[in-house]
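Report on the structure given below.
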Protein chains: 2
Amino acid sequence: MAAKDTTPARRTTIYDLAALAGTSASAVSAVLNGSWKKRRISQKLADRIMRIAEEQGYSVNIQASLLRRERSNIIGMIVPKYDNRYFGAIAEQFEARARRLGLFPVITCTQRDPDLELEAARELVAYRIDCLVSTGATDPDHISALCAAAGVRTINLDLPGSKAPSIISDNYSGALDLTRHILDRCEKDLGDKRPLLFVGGRATDHNTGARIRGFRDAHAERGIPVSEEFILACGYAAEKAERALAALDMPLPRGMFVNSTITLEGVVRWLNQNRPPSKHPLRYGCFDWDPFAVLLPGNIGMVQQDVTHLLDKVFEELETPSGAGEPILVPCILRTL
Amino acid sequence: MAAKDTTPARRTTIYDLAALAGTSASAVSAVLNGSWKKRRISQKLADRIMRIAEEQGYSVNIQASLLRRERSNIIGMIVPKYDNRYFGAIAEQFEARARRLGLFPVITCTQRDPDLELEAARELVAYRIDCLVSTGATDPDHISALCAAAGVRTINLDLPGSKAPSIISDNYSGALDLTRHILDRCEKDLGDKRPLLFVGGRATDHNTGARIRGFRDAHAERGIPVSEEFILACGYAAEKAERALAALDMPLPRGMFVNSTITLEGVVRWLNQNRPPSKHPLRYGCFDWDPFAVLLPGNIGMVQQDVTHLLDKVFEELETPSGAGEPILVPCILRTL
DNA sequence: CAAGCTTGCGCAATCGATGTAGCATGATTG
DNA sequence: CAATCATGCTACATCGATTGCGCAAGCTTG
């Protein structure tokens with residue numbers, strides 16, 4: 001109890017190491033950041049500095065380093081949620097790949113909240129990120145504008161924008177395939193030829209729009225008219241789906257197209273409480289994949305978005321910028337069950 | 001095409017703003033970081049600076065700011081995976097709460113890889129984080145040591161360590177409750193009184209150890225002996241569970257205790273391919289919760305870890321440090337089905 | 001009206017790492 | 001042996017924001 005915690009423990013700096021090694025801070029810096037060969041530092045001095053740095057448990061002050069350097073090598077990503085396999089996989093793979101490229105990934109989860117998205121983007125910009133990947137952003141163009149003003153590139157993932165290159169799934173084709181499959185199975189298994197019910201998503205968001213087009217076109221191919229009441233774009237949240245189903249003003253169709261796994265949670269919950277499958281056999285498919293949802297009775301197909309391929313494109317864009325334009329479409333994988 | 005991208009677009013600094021406002025950089029800095037009242041800057045000047053900053057879309061250079069300041073207000077977290085609801089919820093809630101406290105959360109996913117855990121910790125330390133929360137870390141003490149050397153506090157979450165305060169679920173009680181429940185149901189539904197099969201996890205990790213103790217004690221209460229072969233601590237990954245089940249050298253028990261949702265994926269996959277439930281009725285429970293797994297036939301209980309409560313404790317510890325000691329146990333919630 | 005406050009603000013050092021420019025020293029060449 | 005060159009290293013300005021210190025002008029007070 002001599003001095004009461006008089007150790008604010010100033011971290012070792014290159015100056016400390018320089019003193020210990022009897023050399024200059026420049027030499028230490030050069031050795032530690034790898035530029036020492038170009039700077040004609042002898043192997044001997046390099047070794048000594050390295051050894052001392054390790055002994056002292058030295059760790060660069062990135063803040064100081066970045067302040068001086070041109071690029072930060074920090075790459076930011078905003079992501080709506082972590083409550084499903086799709087975004088989870090995006091986050092994991094994004095991190096792994098960024099790291100492989102020597103970049104430092106910083107991912108922020110914005111809860112599908114437009115204000116939070118902007119706030120998070122602003123914060124990341126303050127950290128001088130080199131590039132921001134906006135995943136599933138509500139208003140990607142707003143984010144791009146904000147970043148552009150600070151000279152930060154953006155890439156849109158999952159939902160397209162007009163001010164930055166966008167990489168998204170081919171939602172139309174995915175929905176077309178899934179809808180065809182559900183219609184087939186409804187007819188084959190249940191002898192039902194009526195239109196399916198589309199549940200979940202926001203009618204204003206690009207992906208839901210594309211999926212609804214695919215959904216409608218698959219019906220049109222078969223000459224099945226789809227009236228408005230069959231489209232329940234009630235939002236993504238599980239509770240919203242439950243409420244929408246409860247408020248349904250017609251007999252529940254035998255086939256359903258569920259627009260996301262989180263929506264599926266609500267749908268399944270509602271069905272279990274209101275339409276025991278024994279009494280009301282159903283066939284449904286879901287846009288997005290989940291390993292347990294795959295096993296649900298009645299689930300006959302899940303569209304898995306190709307995360308690896310999507311991120312391939314993101315990192316291609318990162319390395320050789322092509323600029324904004326038509327979204328790059330990545331095919332989905334239909335997993336029939 | 002006049003000059004080919006001759007705009008490295010140097011970001012606006014406080015000096016630029018000072019020039020525009022006809023004042024000094026100190027004044028600008030004080031106004032923008034809120035310390036201007038203490039520094040007796042007039043309201044009038046403050047307003048002018050604010051206006052100009054907004055017009056210019058100014059954004060502080062956090063690197064420069066942090067370099068000068070004492071604390072960084074960055075709080076780091078490492079997390080093993082994003083492929084399940086538990087860690088997803090931890091990440092989401094951690095971010096939200098950190099943000100509410102004015103901290104900047106940086107989460108890194110370490111893929112259950114001990115080397116990556118250390119590497120990530122080292123990197124976060126370089127960013128001068130104020131505190132690191134190691135979630136489910138393989139070797140939390142190693143991380144704590146590394147951080148301590150740099151004067152960075154650590155808090156262990158989900159898996160305990162001896163060198164930092166640890167906040168974990170009460171795995172023993174959770175496992176005891178779940179095992180009792182499965183045993184009851186096996187007897188009631190199937191008339192089976194044999195021991196359950198424990199599948200998944202690493203025997204060396206604290207949580208699996210505690211759960212196995214709970215598992216054994218619940219059997220002991222009923223006088224059911226559990227031999228070694230009933231404990232399959234084969235790792236967490238789904239494939240490992242499948243292989244372990246395939247290699248099982250005895251008839252498959254009627255009841256199972258599955259140690260995580262990711263393990264459950266493997267178990268269910270294997271069962272579906274090898275023991276159609278119709279021919280081999282089972283009762284199983286799982287430590288960890290998943291909304292779709294809840295609906296699986298045969299699944300009769302899931303233990304949900306209380307993420308909100310766990311994070312309450314983490315942030316309590318953050319605000320009023322108590323130091324290392326016995327892990328703080330947070331009760332789990334058994335969701336019977 | 002001099003001494004002492006208060007108000008409002010600017011100067012300059014500082015944080016730690018980086019990289020350019022330059023200075024010794026020894027080796028090589030004509 | 002002088003001129004040239006390569007080698008190995010150091011000094012110092014710099015990045016942008018923060019902050020202790022101090023200065024000037026206006027206001028009180030006796």
Side-chain angles (χ1 to χ4, degrees), chain A residues 8-50 53 56-74 125-128 130 150-151, chain B residues 8-50 53 56-74 125-128 130 150-151:
Chain A
R10 213 179 52 74
R11 262 108 135 170
T12 3
T13 70
I14 51 169
Y15 299 95
D16 302 331
L17 297 184
L20 284 171
T23 179
S24 72
S26 334
V28 174
S29 171
V31 168
L32 294 178
N33 69 30
S35 68
W36 59 282
K37 288 187 180 158
K38 290 157 222 149
R39 313 205 54 227
R40 297 186 311 214
I41 305 279
S42 66
Q43 183 75 52
K44 196 176 137 229
L45 179 57
D47 289 347
R48 181 151 41 100
I49 291 176
M50 286 295 222
Q56 302 294 314
Y58 172 81
S59 149
V60 280
N61 183 326
I62 301 250
Q63 261 77 49
S65 172
L66 291 187
L67 177 56
R68 196 56 173 59
R69 284 188 307 187
E70 189 67 8
R71 299 187 40 196
S72 71
N73 282 349
I74 307 179
V125 165
Y127 278 89
R128 295 306 185 249
D130 288 337
Chain B
R10 214 178 50 75
R11 263 109 135 170
T12 4
T13 70
I14 51 170
Y15 298 97
D16 302 331
L17 296 183
L20 284 171
T23 179
S24 71
S26 342
V28 174
S29 170
V31 168
L32 293 177
N33 70 28
S35 69
W36 57 281
K37 287 186 180 158
K38 287 159 223 145
R39 306 203 92 226
R40 295 183 313 212
I41 305 280
S42 66
Q43 182 75 49
K44 197 175 137 231
L45 179 56
D47 289 346
R48 182 151 40 99
I49 291 176
M50 285 296 221
Q56 301 294 314
Y58 172 81
S59 149
V60 281
N61 183 327
I62 300 251
Q63 259 78 48
S65 170
L66 291 187
L67 177 56
R68 195 60 174 65
R69 282 188 308 190
E70 190 65 10
R71 300 187 39 196
S72 70
N73 283 349
I74 308 179
V125 165
Y127 278 90
R128 295 307 184 249
D130 288 336

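Reckoned from all heavy atoms, side chains included, excluding hydrogens, waters and symmetry mates. Being a predicted model, the structure only gives us computed values, none of them experimental. Each chain gets a letter, A, B and so on, in the order its sequence line appears, and its residues count up from 1.
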Review point. What is the per-nucleotide protein-contact pattern of nucleotides 11-18 of chain D, from the 5' end, where B denotes a base atom under 4.0 Å from a protein heavy atom, S denotes such proximity for sugar-phosphate atoms only, and - denotes neither?
Key: BBBBBBBB
Point to revise | Per-nucleotide protein contact string for nucleotides 23-28 of chain C, where B marks a base within reach and S marks sugar-phosphate only (heavy atoms under 4.0 Å, - for neither) | key: ------
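Here the CG atom belonging to A/L17 is positioned 12.0 Å from the CZ atom belonging to A/R48, to the nearest 0.5 angstrom. Considering CD of B/Q63 and OH of B/Y127, their distance stands at 7.0 Å, rounded to 0.5 Å.
In this structure, B/W36 places its CH2 atom 14 Å from C1' of C/dT7, rounding to the nearest Å. Atom NZ in A/K38 sits roughly 20 Å away from atom P in D/dA6 (whole-Å rounding).
A salt bridge (charged side-chain N to carboxylate O under 4.0 Å, His left out) check over residues 56-68 of chain A, counting only residues at least two apart or in different chains, returns nothing. Applying the salt bridge (charged side-chain N to carboxylate O under 4.0 Å, His left out) rule to pairs touching residues 13-28 of chain A yields A/R10-A/D16, sequence neighbours excluded. Identified under the salt bridge (charged side-chain N to carboxylate O under 4.0 Å, His left out) test for residues 17-31 of chain B, with sequence neighbours left out: none.
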Quick test: give all pairs of protein nitrogen or oxygen and nucleotides 24-26 of chain D nitrogen or oxygen below 3.5 Å, distance rounded to 0.1 Å.
none

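Partners of A/S65 by side-chain contact (heavy atoms from CB on, under 4.5 Å), not counting sequence neighbours, listed by chain and number: A/R69. Residues forming a side chain to side chain donor-acceptor pair (under 3.5 Å) with A/D130 (at least two apart in sequence, or on another chain): A/R71, A/S72.
The side-chain heavy atoms of B/N61 and A/L67, taken from C-beta on, include a pair separated by under 4.5 Å. Contact annotation: the side chain of B/I62 never approaches that of A/R128 to less than 4.5 Å [non-hydrogen atoms, C-beta and beyond].
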Tell me which donor-acceptor pairs under 3.5 Å the side chains of residues 36-44 of chain B have, and how far apart each pair is, sequence neighbours excluded?
residue, atom, partner, partner atom, Å
B/S42, OG, B/L45, N, 3.2
B/Q43, NE2, B/D47, OD1, 3.2

Which donor-acceptor pairs under 3.5 Å do side chains of residues 18-30 of chain B form with protein atoms, sequence neighbours excluded?
residue, atom, partner, partner atom, Å
B/S24, OG, B/A27, N, 3.3

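Within the 4.0 angstrom heavy-atom criterion, only backbone atoms of the sugar-phosphate kind lie near B/T23; the bases stay farther away.
Recorded end-axis angle for the helix from C/dC1-D/dG30 to C/dG30-D/dC1 stands at 50°, based on five pairs per end and rounded to 10 degrees.
Between C/dC9 and B/S42, a contact under 4.0 Å exists linking OP1 or OP2 to a side-chain N or O.
The 5' end of DNA chain D is approached more closely, in terms of each residue's nearest nucleotide, by A/A27 than by the other of B/A27 and A/A27.
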